[in-house]
Undergrad: 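Can you keep this structure in mind? I'll have questions shortly.
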Amino acid sequence: MNFAEEIIEWYQRNKRDLPWRKTEDPYIIWLSEIIMQQTRVEQGTPYFNRFAEKYPTVELFASASEDEILKLWQGLGYYSRGRNMHQTAQLVMEEHAGYFPKNYDSLIKLKGIGEYTAAAISSFSSNEARAVVDGNVFRLLSRYFGIDTPINTGKGKKLFTDLANELLDKSQAGKFNQAIMEFGSLQCKPKNPDCLSCPLQAACEARKTNRINELPVKIKSLKIRERYFNYIIAQKDGQILINKRGAGDIWENMFDLPLFETEFPSHAHDLIRSEKFISCFGEKVKIRSVSAPVKHILSHQKLHASFIEIESFSDRFLSERSWFYVGQDELEKLAQPKLIFHFFENFHKLNT
DNA sequence: AAGACGGGGGA
DNA sequence: TCCCCAGTCTT
């Protein structure tokens, strides 16, 4: 059996009994598809049932107000879906005479319907030969063929869409699409898939090369976090106070300086009056110098560091901390982040 | 190409 | 916690 035959065979034996699979009405299928976007079946099913019950036709849906739609949508999340549906229902009434479109090219033009949903509705309602590519399909294909192209890039989307369309059984596109998604969802699960019971295991590239947990590859959307580091320069007898960093943050087990992180930029004069600072260095601290803020970019953080040189501090409070004094020769042996290493280069230059 | 958009369940 | 879920729209 080829790929399509295998998954359709599997689908006949293992498919769930989902309410929206009993119809070919594009309106009802649309309802189910929008509700199920980025939503688990168990979470979305009650909503589908309520919507299908209250608005059995697109005409009834279109006659509802946006407030009513959103009220019924309440708790499901991604509320733009509800707003787009309202708009689309009205447009279907006005420009499609109340007949919900069945073909891909018409569907793709509607608000809230992207490539996945247009392929789903067109294939389920009229067997148009368009392969669906959702999260399940990405995962199944990336594993089966051992493809490590990231799925959330333009290149990846095209690659997997082309592949799915090659595999598509055009004589029964709707059933194939249902089957490939159901297979991905139940058999080729994200975590701990049961490969031993999988009918595709013999040919599965990820299985053969032991990469089930590495695929699919997804580029992590890294949001840059802004952090404000206030470093303290405290010297005694020609030595400088150093901090060994702990776990759970950047630069684990490397060495920097005593650090007071603040949520926002802060002035040195305010900082040395803070309770936390006083508990470390006492109340009689004077500021000798404050550096200009130094920006330091990490992969997912933007650090704003300032270096505050202090004098007249007490160090009898320091014993509980991971701080210690070192001379310059010892300092040079410690693993320092680039930011710190850079700072010391300039600092030593100034002090010689 | 990257970010925003929700809420819930599983590991 | 992080990841993922029958994705799409905006910038």
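Everything quoted here is computed from the prediction, not taken from an experiment. So you know, we letter chains A, B, ... as the sequences are listed, proteins then strands, and number each from 1.
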Undergrad: Report yes if the distance between the aromatic ring centroids of A/Phe313 and A/Trp323 is under 6.0 Å, otherwise no.
TA: no

Undergrad: Could you check how far CZ of A/Arg83 sits from C1' of B/dC5, rounded to whole Å?
TA: 9 Å

Undergrad: A/Thr39 side chain N/O closer than 4.0 Å to the phosphate oxygens (OP1, OP2) of B/dG7?
TA: no

Undergrad: Mind listing the N/O atom pairs, protein and nucleotides 9-11 of chain C, below 3.5 Å?
TA:
from  : atom 1 : to       : atom 2 : distance (Å)
C/dC9 : OP1    : A/Gly112 : N      : 2.6

Undergrad: Sequence neighbours excluded, which residues qualify as side chain to side chain donor-acceptor pair (under 3.5 Å) partners of A/Asn127?
TA: none

Undergrad: 5'-most contact on DNA chain C: A/Arg40 or A/Gln37, nearest heavy atom basis?
TA: A/Arg40

Undergrad: Is there a donor in the side chain of A/Gln37 and an acceptor in the side chain of A/Thr117, or the other way round, less than 3.5 Å apart?
TA: yes

Undergrad: Please measure how far the P atom in C/dT8 lies from the corresponding atom in B/dG8, and state the result in whole Å.
TA: 23 Å

Undergrad: So, for A/Trp30 and A/Thr88, which heavy atoms are closest and what is the spacing to 0.1 Å?
TA: CZ2-CG2, 3.9 Å

Undergrad: Is there a donor and acceptor pair closer than 3.5 Å between the side chain of A/Gln43 and the base of B/dG7?
TA: yes

Undergrad: Separation of A/Ile34 atom CD1 from C/dA6 atom C1', in whole Å?
TA: 10 Å

Undergrad: Looking at A/Gln38, does any N or O in its side chain come under 4.0 Å of the phosphate oxygens OP1/OP2 on C/dG7?
TA: yes

Undergrad: Starting from P on B/dG6, measure out to CG on A/Leu70 and report it in whole angstrom.
TA: 11 Å

Undergrad: Roughly how many Å is it from CD1 in A/Ile35 to P in C/dG7, rounded to a whole number?
TA: 13 Å

Undergrad: With Watson-Crick and G-U wobble geometry limited to distances under 3.5 Å, how should the secondary structure of DNA chain B be encoded in dot-bracket form, using | for bases paired to another strand and [ ] for crossing pairs?
TA: |||||.|||||

Undergrad: With P as the reference atom in both, quote the distance from B/dG3 to C/dA6 in angstrom, rounded to an integer.
TA: 25 Å

Undergrad: Measuring from atom CD of A/Glu261 to atom OH of A/Tyr228, what distance do you get when rounded to the nearest 0.5 angstrom?
TA: 10.5 Å

